[in-house]
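Below is one structure, written out as structure tokens; the observations come after it.
Each chain gets a letter, A, B and so on, in the order the sequences are listed, and its residues count up from 1.
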Amino acid sequence: MNNDSIKQQAIYLALTNIPEGRVISYGALASLAGLPNRARLVGRILSQLPKDTHLPWHRVVNAQGKLSFAKDSPHFALQKTLLESEGICFVGDKINLRTYSYSVTSHHCDSGRLD
DNA sequence: CAGCAGGCGGCAC
DNA sequence: AGTGCCGCCTGCT
């Protein structure tokens, strides 16, 4: 039980809290896992997920609402497809975080919804 | 809105 | 101990 697996578990757990149809940024997920400023660690951990994982890795996008993969890569296409299948709409190659972001992002009271 | 710079943590050489 | 690479972020042009 080393420190790495602790962080890994924290990130996995936080990720399971992201509901379908919502997305979260690397940095926000890191904070949610109790690891502020560890956005890159999240990316690293996710890149090492087994291919058959049940975790919703595709719901993690960068702070600009874009996918952190080259637009011509199969990863990009897969993630985009998975997100769209959950009802998430892309504008160009970006997602409107104000609408779909899971936690924070809400300036006042609402829990992320816009209406 | 696009670029760029600086910062962040972790790991492989 | 130094360098460079990341599924990153923020702030400033």
- Item | Nearest-0.5 Å distance, NE2 of residue A:His75 to CH2 of residue A:Trp57 | 7.5 Å
- Query: Counting just side-chain N and O atoms, does A:Lys7 come under 4.0 Å of either OP1 or OP2 of B:dG9?
  - Reply: no
- Task: Walking along DNA chain C from 5' to 3', note the first and the last nucleotide with an atom under 4.0 Å from a heavy atom of chain A, and give both.
- Result: C:dC6 to C:dT10
- Message: To the closest 0.5 Å, what do you measure between NZ (A:Lys80) and CD1 (A:Ile95)?
- Response: 9.5 Å
- Message: Main chain of A:Phe69, side chain of A:Ser73: is a donor-acceptor contact present, judged purely on distance under 3.5 Å?
- Response: no
- Note on the structure: Separation of B:dA12 atom C1' from A:Arg40 atom CZ, nearest Å, is 15 Å
- When you measure from every atom of DNA chain C, which of residues 57-76 of chain A have a heavy atom less than 4.0 Å away? A:Trp57, A:Val60, A:Asn62, A:Ala63, A:Ser68, A:Phe69
- Message: Just to be sure I understand the rule, does A:Arg38 reach a base, reach only the sugar-phosphate, or reach nothing, if contact means heavy atoms closer than 4.0 Å?
- Response: sugar-phosphate
- Rounded to the nearest 0.5 Å, the NZ atom of A:Lys94 sits from the CG atom of A:Asn62 at a distance of 10.0 Å
- Query: How many angstroms lie between OH in A:Tyr102 and CG in A:Leu29, if you round to the nearest 0.5 Å?
  - Reply: 10.5 Å
- Message: Do A:Leu32 and A:Ile11 have side chains that approach each other closer than 4.5 Å (heavy atoms only, starting at C-beta)?
- Response: no
- Query: Is a side-chain donor or acceptor of A:Arg59 paired with a backbone partner of A:Ile18 at a separation under 3.5 angstrom?
  - Reply: yes
- Message: If I take atom CG from residue A:Leu15 and atom CD1 from residue A:Ile45, how far apart are they, to the nearest 0.5 angstrom?
- Response: 11.5 Å
- Query: What's the CD1-P distance between A:Ile11 and B:dG10, to the nearest Å?
  - Reply: 10 Å
- Query: Using the C1' atom in both, what is the distance from B:dC8 to C:dC6, to the nearest Å?
  - Reply: 12 Å
- State, yes or no, whether a side-chain contact exists between A:Lys7 and A:Leu35 at a heavy-atom distance under 4.5 Å. yes
- Message: Can you give me the dot-bracket string for DNA chain C, 5' to 3', counting Watson-Crick and G-U wobble pairs with both distances under 3.5 Å, using [ ] for crossing pairs and | for partners on another strand?
- Response: .|||||.||||||
- Query: How many angstroms lie between atom CD of A:Gln8 and atom CZ of A:Arg44, to the nearest 0.5 angstrom?
  - Reply: 9.5 Å
- A:Arg22/A:Glu86 ion pair, N-O < 4.0 Å: no
